[in-house]
Undergrad: 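Here's a structure for you.
Side-chain atoms are counted along with the backbone in the values below, which use heavy atoms only and exclude waters and symmetry mates.
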Amino acid sequence: MSENQDGPPEVITRERQSEEPLSIIIPVEIKGIDGAGHLFTERTKAEEVTEIGCRFAARTELQCGDIVAVKPIERGKKCLRHEQPQMFEVTWTVQLAAG
């Protein structure tokens, strides 16, 4: 049997368990700078929320490495005033076919 260079299986299992996504959908506002250098703001929904990030769809084309501010909003209302936006680096993107 070969040696596991990533650490013992128990550690990997615990890490994966702590990153299990929550099955909730949270309305959010995202802000950032697009590839042309223009500031953008849009509302979307965060899904698959974990301790380290989330997944969301955006109309603005984002690239890996882009930094976005994500802030929860109340349904049908403005951003929650007491919540500070959280900064995230985009680590994965996929372009969906228009349809």
Side-chain angles (χ1 to χ4, degrees):
M1 190 179 254
S2 65
E3 194 173 314
N4 182 350
Q5 296 178 2
D6 295 328
E10 312 76 69
V11 173
I12 294 170
T13 302
R14 254 182 270 155
E15 286 175 359
R16 288 189 180 144
Q17 286 176 346
S18 69
E19 294 177 12
E20 286 295 317
L22 298 175
S23 58
I24 59 173
I25 297 174
I26 302 170
V28 294
E29 178 180 83
I30 59 171
K31 290 184 179 186
I33 298 176
D34 67 16
H38 300 106
L39 182 66
F40 72 89
T41 301
E42 64 180 84
R43 291 184 176 201
T44 187
K45 295 175 182 163
E47 303 176 53
E48 296 183 15
V49 177
T50 69
E51 294 175 2
I52 60 170
C54 64
R55 178 175 60 89
F56 60 85
R59 291 181 306 277
T60 303
E61 187 175 330
L62 300 171
Q63 303 294 320
C64 289
D66 287 350
I67 304 296
V68 294
V70 179
K71 186 173 181 177
I73 56 176
E74 293 181 42
R75 292 185 189 272
K77 297 188 179 182
K78 296 182 179 180
C79 286
L80 298 173
R81 296 188 193 281
H82 62 281
E83 290 289 329
Q84 294 296 315
Q86 299 296 309
M87 304 300 285
F88 291 96
E89 179 180 356
V90 176
T91 59
W92 181 81
T93 66
V94 64
Q95 185 174 358
L96 300 176

Undergrad: Nearest 0.5 Å, please: how far is NZ in Lys45 from CZ in Phe56?
TA: 14.5 Å
Undergrad: Do Glu47 and Arg55 meet the salt-bridge criterion of a basic N to acidic O distance under 4.0 Å?
TA: yes
Undergrad: The criterion is side-chain hydrogen bond (donor to acceptor under 3.5 Å, both in side chains); which residues satisfy it with Thr44, sequence neighbours excluded?
TA: none
Undergrad: Minimum heavy-atom separation for Arg59 to Arg43, with atom names?
TA: NH1-O, 3.9 Å
Undergrad: Do you know which two heavy atoms are closest between Leu39 and Gly32, and how far apart they sit?
TA: CD1-O, 3.2 Å
Undergrad: Looking only at heavy atoms, which two atoms of Val68 and Phe40 are closest? And how far apart?
TA: CG1-CZ, 4.1 Å
Undergrad: Quick one: CD1 on Ile52 to OG1 on Thr91, what's the gap to the nearest 0.5 Å?
TA: 8.0 Å
Undergrad: Restricting to non-hydrogen atoms, name the atom on Val70 and the atom on Ile30 that form the minimum distance, rounded to 0.1 Å.
TA: CG2-CG2, 3.9 Å
Undergrad: Of the non-hydrogen atoms in Val28 and Ile73, which two are nearest, and what is the gap between them?
TA: N-CG1, 3.8 Å
Undergrad: How long is the gap from OG1 on Thr41 to NZ on Lys71, to the nearest 0.5 Å?
TA: 11.5 Å
Undergrad: Does Glu61 have any salt bridge (Lys or Arg N to Asp or Glu O under 4.0 Å) partners at least two apart in sequence or in another chain, and if so, which?
TA: none
Undergrad: Please give me the minimum heavy-atom distance between Pro72 and Ile26, naming the atom from each residue.
TA: CB-CG2, 4.2 Å
